[in-house]
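Worksheet: one structure, shown below.
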Amino acid sequence: MTKQFEKPFTQQEPISEDAIERVGEILRSGRLHRYNTIAGEVSEASLLEKEFAAWQGTKYCLATTSGGQAMQIALRTAGVKPGTKVLANAYTLAPVPGAIYATGGEPVLVEIDENWHTDIDDLRAKAKNTGAKYFILSHMRGHIVDMDAIKAVCDEFGIILIEDCAHTMGAKWKGTRSGNFGDISCFSTQTYKHINSGEGGFLITDNPEFAARAVVGSGSYMLYGSHGAIPPEDVFQKVRLDSPNCSARLDNLRAAILRDQLPNLEANVHRWNVRYHILEAGFRTSPGLSVIERKQHEEFVGSSIQFKATGIAPKDIPAFLKDCGSRGVEIKWFGGDEPVAFTSRYDSWQYLGDMDPLPNTIETLSTTCDLRIPLTFSEQDCQDIVDIVSEEMAARLNT
Ligand SMILES: *Cc1c(COP(=O)(O)O)cnc(C)c1O
């Protein structure tokens with residue numbers, strides 16, 4: 001009997017009944033907009049900002065409509081203007097180049113190494129050669145590069161660091177939360193991230209002027225005073241007429257959904273990692289598959305797993321994945337020439353114009369396979385996935 005996997009890879013856990021009840025109350029009140037409050041009322045969006053800032057250990061926080069909008073506001077806030085060069089690691093999701101493009105900035109893409117980390121030497125060389133003063137670092141699929149080395153390059157060249165923590169909410173590097181390294185950091189609360197409000201995001205910073213610019217830039221209509229985690233009024237006085245309105249405010253419904261999930265995040269990180277380690281252990285011992293050994297001090301969130309199909313030629317990977325897919329195991333591949341469902345390689349962002357070739361990135365991605373790990377999967381499900389994937393690879397190795 002060949003094993004068949006039946007569960008969908010895109011099914012998240014339900015929103016709790018408590019959150020649904022709170023959303024119902026807000027709907028009945030009619031006050032969905034974050035600035036639509038009555039005397040003495042603090043909006044859900046403002047409460048969420050306060051709670052997320054406290055959870056993250058940061059001073060200022062802005063809730064936004066998406067992670068991509070948070071990044072665009074972060075870039076504008078930091079000073080990116082048309083023609084400004086922005087370094088970005090090339091292994092990332094399309095919202096990153098999109099955010100840079102939206103500000104008029106010019107991406108300077110940086111190579112990744114075989115562990116999906118930003119290549120520090122290439123970062124240094126490109127910082128030097130282009131004079132770029134901004135770096136948006138995507139912790140793509142939760143892989144956290146050596147942050148000491150990143151900070152050293154940023155310090156050496158006076159670079160403002162923006163972290164894209166879409167896949168590292170809840171993760172730490174040498175005990176510091178991902179997001180607390182950057183001058184500004186961004187998170188996504190879109191359905192497939194670590195807390196789920198359908199769409200949404202956060203921008204955090206400890207820099208008061210950046211915080212004020214970001215809040216005004218999110219479209220505060222001069223009602224910024226009601227926000228949950230902001231600097232004092234005098235900082236706003238300096239920037240309030242100087243930040244374009246991007247209209248990217250989070251609403252109270254989504255905020256209520258997120259407030260309910262935040263207290264469970266730490267426990268969920270543990271649940272993700274239990275599942276991750278089953279998959280990792282299985283793939284590690286399967287002939288033809290390889291996983292990377294993660295550093296002890298990288299406290300990642302295993303909400304997805306990447307492995308390499310090294311036992312077969314890259315040209316045979318699509319057929320291998322198709323066979324896994326027909327047994328219910330949905331695996332993404334970053335080696336394809338055409339972007340499909342949430343995978344895209346830097347060379348498919350054609351609006352950026354001609355990019356310098358990035359051979360190491362292409363090489364790494366040519367064997368990179370990627371699996372989502374939704375919390376709706378049980379530990380047994382993870383074992384079943386290992387069995388199917390390793391059987392399919394073994395069948396190819398034996399012919
Ligand atoms: C999801 C994601 C974002 C932000 O996505 P939104 O859909 O705009 O919330 C940014 N970077 C990466 C790497 C992502 O995966």
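In listed order, ligands and their atoms are each counted from 1. Index from 1, following the sequence. These numbers were taken from a predicted model, which means no experiment stands behind them.
- Atom 8 (O) of ligand 1 has Gly68 N, 2.7 Å as its closest protein atom, hydrogens excluded (heavy atom only).
- For Gly201, the heavy-atom gap to ligand 1 stays at 4.0 angstrom or more.
- Using cut-offs of 30° and 60° on the angle between ring planes, the pair Phe377 and Phe9 is perpendicular.
- At a heavy-atom cutoff of 4.0 Å, ligand 1 is contacted by the side chain of Met140 but not by its backbone.
- Close approach of ligand 1 to Gly67 (heavy-atom distance below 4.0 Å) involves ligand atoms 4 (C), 6 (P), 8 (O), 9 (O).
- For atom 13 (C) of ligand 1, the nearest non-hydrogen atom of the protein is Asp164 OD2, 3.4 Å.
- Grouping the Ile, Leu, Val, Met, Phe, Trp and Tyr side chains by contacts below 4.5 angstrom, directly or via other members, places Met147 apart from Val301.
- Nearest protein heavy-atom contact of atom 14 (C) of ligand 1 is Lys193 NZ, 3.1 Å.
- Residue contact check for ligand 1: Met71 places a non-hydrogen atom closer than 4.0 Å to it.
- Clustering ILVMFWY residues whenever any of their side-chain heavy atoms sit less than 4.5 angstrom apart, transitively, puts Ile144 in a cluster other than the one holding Phe187.
- Using bins of under 30°, 30° to 60° and over 60° for the plane-to-plane angle, the ring pair Tyr351/Tyr101 lands in the perpendicular bin.
- When each of His117, Glu163, His167 is paired with His139, the side chain to side chain donor-acceptor pair (under 3.5 Å) condition holds for Glu163 and for no other.
- The minimum heavy-atom distance linking Ile159 with Ala127 is given by the pair CD1-CB, 3.7 Å.
- Selection from Arg141, His167, Gln190, Glu199 by nearest heavy atom to atom 7 (O) of ligand 1 gives Gln190.
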